[in-house]
Amino acid sequence: MTTAFSLRAAAPATAPCAGVRSTSAARVVPVSAAPAGRGRMVARAAVAAKADAPSSAVAGKSDGHEVLLFEALREALIEEMKLDPTVCVFGEDVGHYGGSYKVTKGLADMFGDLRVLDTPIAENSFTGMGVGAGMKGLRPVVEGMNMGFLLLAYNQISNNCGMLHYTSGGQFKIPVVIRGPGGVGRQLGAEHSQRLESYFQSIPGLQMVACSTPYNAKGLMKAAIRSENPVVLFEHVLLYNLKEKIPDEEYVLCLEEAEMVRPGVHVTILTYSRMRYHVMQAAKTLVNKGYDPEVIDIRSLKPFDLHTIGNSIKKTHRVLIVEECMRTGGIGASLRSAIIDNFWDYLDAPIMCLSSQDVPTPYAATLEDATVVQPAQIVAAVEQICQ
Amino acid sequence: MAAAALLRRIPAARAPPTVFVAARSISDSTAALTIETSVPFTSHLVDPPSRDVTTTPAELVTFFRDMSLMRRMEIAADSLYKAKLIRGFCHLYDGQEAVAVGMEAAITRSDSIITAYRDHCIYLARGGDLVSAFSELMGREAGCSRGKGGSMHFYKKDANFYGGHGIVGAQVPLGCGLAFAQKYKKEDTATFALYGDGAANQGQLFEALNISALWKLPAILVCENNHYGMGTAEWRAAKSPAYYKRGDYVPGLKVDGMDVLAVKQACKFAKDHAVANGPIVLEMDTYRYHGHSMSDPGSTYRTRDEISGVRQERDPIERVRKLLLTRDLATAAELKDMEKEIRKQVDDAIAKAKESSMPDTSELFTNVYKKGFGVESFGPDRKELRASLP
């Protein structure tokens, strides 16, 4: 099945989860405690986001309910923990304290101390323990209070979490979810404003997703928990209080799929996490200026959804990547490279990539704002590309 | 005739008349035997188990056989490495066999074992076979990890053997995670997390021990103290080389790791303790004849006299041989025959392993992710280089 290197789009002809949209939800829960057959019923009833609909699709007969993003994450956790008794949560202050961002609030009362575990401040070991528990059949959700702290667990995430399935010749699976807030916040200082996507992206065997709305947060969290692969779910410190109406009925999203935020024709803007909002803000200005940008929230940082991205590039022929990662070795750098490899012939202009500056995030508010990409820069970039 | 009888065993005249002296088979009796360990156990925060170990002649013979097999396998691996059939890193366990064999005798396959990179013999102890071991060492597809792991990544899931890890100390938190899962699932089993005297100085060990003690996990941390962490002697690396005490608030036991019966006793004791009370630390005082790995001659940081001294005084296989001979459970000739047979077994396994082919190129991309990853497995650039997942 190996093909020679080809600059023509070698992206798959079908969308990543087309036809198998419910696959991620179709895992049969082999637990007697689960309501009989509910696992299978859920799979058929699962509603995945349609690629072309607006992101906050509240499809379905019921009205939906409004939640904040952290509540959406919590709903997902509760639903999955109810469905599958092997799901457990490890983290600092997740239990009795309720989680430093309230994602696990109330879970310890609902599920007990053996399933919602307050760990000491020992990321290296409790991440390792999560991996070990995963090897033995549990499905831990490991929370880093801030993504940056997981650097202490890098060895466990890279060597054990990512590689054990391969080095054991397929014997062990590590269905852990590693999640936590990262990104530049409000003057949190350099060590608490890190973006680890770039550090983890080369680890083979890991999947990475970034949520950005309550709707996709819940869907991605559920998909991540159900996935047999280790998934790193990147949340953002500033997005926890976003409010949105999400469906009442259960839904699971596809981990490898990107989200069409705003269809357009002039330029493809690829973004994820918090920068999606800066892009949408810039989009308002751009629309007033007569541009019609297509905005895609890539969501899946590893692997990239080159199908959705490719289709967009074939339409617009111009690409702007807007990310919060550092310029050097960031997600944008890899994405740019992937686009060049696959869609070179469709490009009418060089790919532009707006990233954060290669500096430790300063404390001063003005400097911090200058570190990340602002809407004005996005507008200017689009104008430049579309000349 | 009398001389011959003397050579074979002393009470030749008292042998049962139905047994022909020349064809007497090795004892397979399961009558209980009590043997004293070489030295008493030293303990920390707990009452040590008794020095008297119950065993049977059959078990002792099994110990001899298993340890000899392991010894032969490691020596064969040495030759294969020098013949460049095994590449990369190869860490040999010869000298330490008693730990693997004694531990296995004390526990069941439902208990879990996890260790670092000196894992070939533990793989065998857990039921792994020679052919898949040698195949894996030579990177063939018949290997236990399909040729993709190598010497440091032997695993056997159905026997609850969790590997096989290259990074020093990282397996200990994994082991505590296994113990957590055992407690979560209410299994009444324990996890033995093995590490070396070098790894004993890793912070993550203490982190994991703290959590295990807090949550009362059935975790047994076993320090295989062969007195050298790679090329550095223990007294130069650890301020306190009393590894069994370094659990601080966690009880510990120091064991003569060259005495398979002591190991068996200690592991049994530890398992009972861990399942009831939470973590315990075992320090196995053992020794490796080879260097840290095949790239280390093993003689720059210790003297040849020391190595041969240990071999003469404390070799685990010789100890069991002496037990068998002095208690009349086997003759020297029988044991020699057994060793010959083992040698042949190992040679046959190597020959068989050599016949196995290298993994197919498509295997490069299998098992990166578990099935269920979209439709096909693609790298981050989604190019169609990958094979479809099975």
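- Listed options B:G149, B:G166, B:A170 were ranked by heavy-atom pairs under 4.5 angstrom with chain A; first place goes to B:A170.
- With a 4.5 Å cut-off on non-hydrogen atoms, B:L205 does not touch chain A at all.
- Within the 4.5 Å cutoff, side-chain heavy atoms of B:Q204 are placed close to those of A:Q156.
- Rounding to the nearest 0.5 Å gives a distance of 10.5 Å between CG of A:N159 and NE2 of B:H165.
- A:P120 places a side-chain heavy atom less than 4.5 Å from the side chain of B:N210.
- A 6.0 Å sphere centred on CG of B:L214 holds more than 12 heavy atoms belonging to other residues, nucleotides or ligands.
- Neither the backbone nor the side chain of B:I114 comes within contact range of chain A, judged by heavy atoms closer than 4.5 Å.
- Chain B forms more heavy-atom pairs under 4.5 Å with one residue of A:T119, A:L117, A:D113 than with any other, namely A:L117.
- For the atom pair CE (A:M129) and CH2 (B:W215), the distance works out to 5.0 Å, reported to the nearest 0.5 Å.
- Neither the backbone nor the side chain of B:Q202 has a heavy atom closer than 4.5 Å to any heavy atom of chain A.
- The shortest side-chain heavy-atom distance between B:K370 and A:I174 does not fall under the 4.5 Å cut-off.
- Counting only distance, with no hydrogens or angles, the side chain of A:K136 and the backbone of B:Y162 share no donor-acceptor pair below 3.5 Å.
- The 12-atom threshold is exceeded at OH of A:Y154, counting heavy atoms of other residues, nucleotides or ligands nearer than 6.0 Å.
- Only the side chain of B:I167 has a heavy atom closer than 4.5 Å to any heavy atom of chain A.
- Annotation: the span from A:Y166 atom OH to B:Y369 atom OH amounts to 12.5 Å, rounded to 0.5 Å.
- Separating the OH atom in B:Y155 from the CE atom in A:M135 is a distance of 6.0 Å, to the nearest 0.5 Å.
- Taking a 6.0 Å sphere around NZ of B:K185, one finds it holds more than 12 heavy atoms contributed by other residues, nucleotides or ligands.
- Using a 4.5 Å cut-off between heavy atoms, B:E136 does not touch chain A at all.
- Nearest heavy-atom pair across A:S125 and B:P173 is O-CB, 3.5 Å.
- Interface remark: of the candidates A:L152, A:I339, A:L138, A:L138 forms the most heavy-atom pairs closer than 4.5 Å to chain B.
- Residue A:P85 comes nearest to B:Y184 through the heavy atom pair O-OH, 2.5 Å, listed as atom of the first residue, atom of the second, then distance.
- Proximity to chain A (any heavy atom under 4.5 Å) is shown, for B:L209, by neither the backbone nor the side chain.
- Highest contact tally toward chain A, considering only B:H153, B:K156, B:Q171, B:E363, is held by B:H153 [criterion: heavy-atom pairs under 4.5 Å].
- Between atom CZ of residue A:F126 and atom CD of residue B:E207 there is a gap of 9.0 Å, rounded to the nearest 0.5 Å.
- Of the two parts of B:T191, neither the backbone nor the side chain holds a non-hydrogen atom closer than 4.5 Å to a non-hydrogen atom of chain A.
- Between the B:N367 side chain and the A:H165 main chain, no donor and acceptor come within less than 3.5 Å of each other.
- Remark: B:K183 NZ to A:L114 CG distance equals 7.0 Å, nearest 0.5 Å.
- When side chains are defined from C-beta on, A:S168 does not count as touching B:K157, because their heavy atoms never get closer than 4.5 Å.
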Worksheet item: For A:L164 and B:L174, what are the C-alpha separation, side-chain angles and deciding distance, and is it a side-chain contact (heavy atoms from CB on, under 4.5 Å)?
Response: CA-CA 11 Å; A:L164 268 168; B:L174 288 188; 4.2 Å; yes
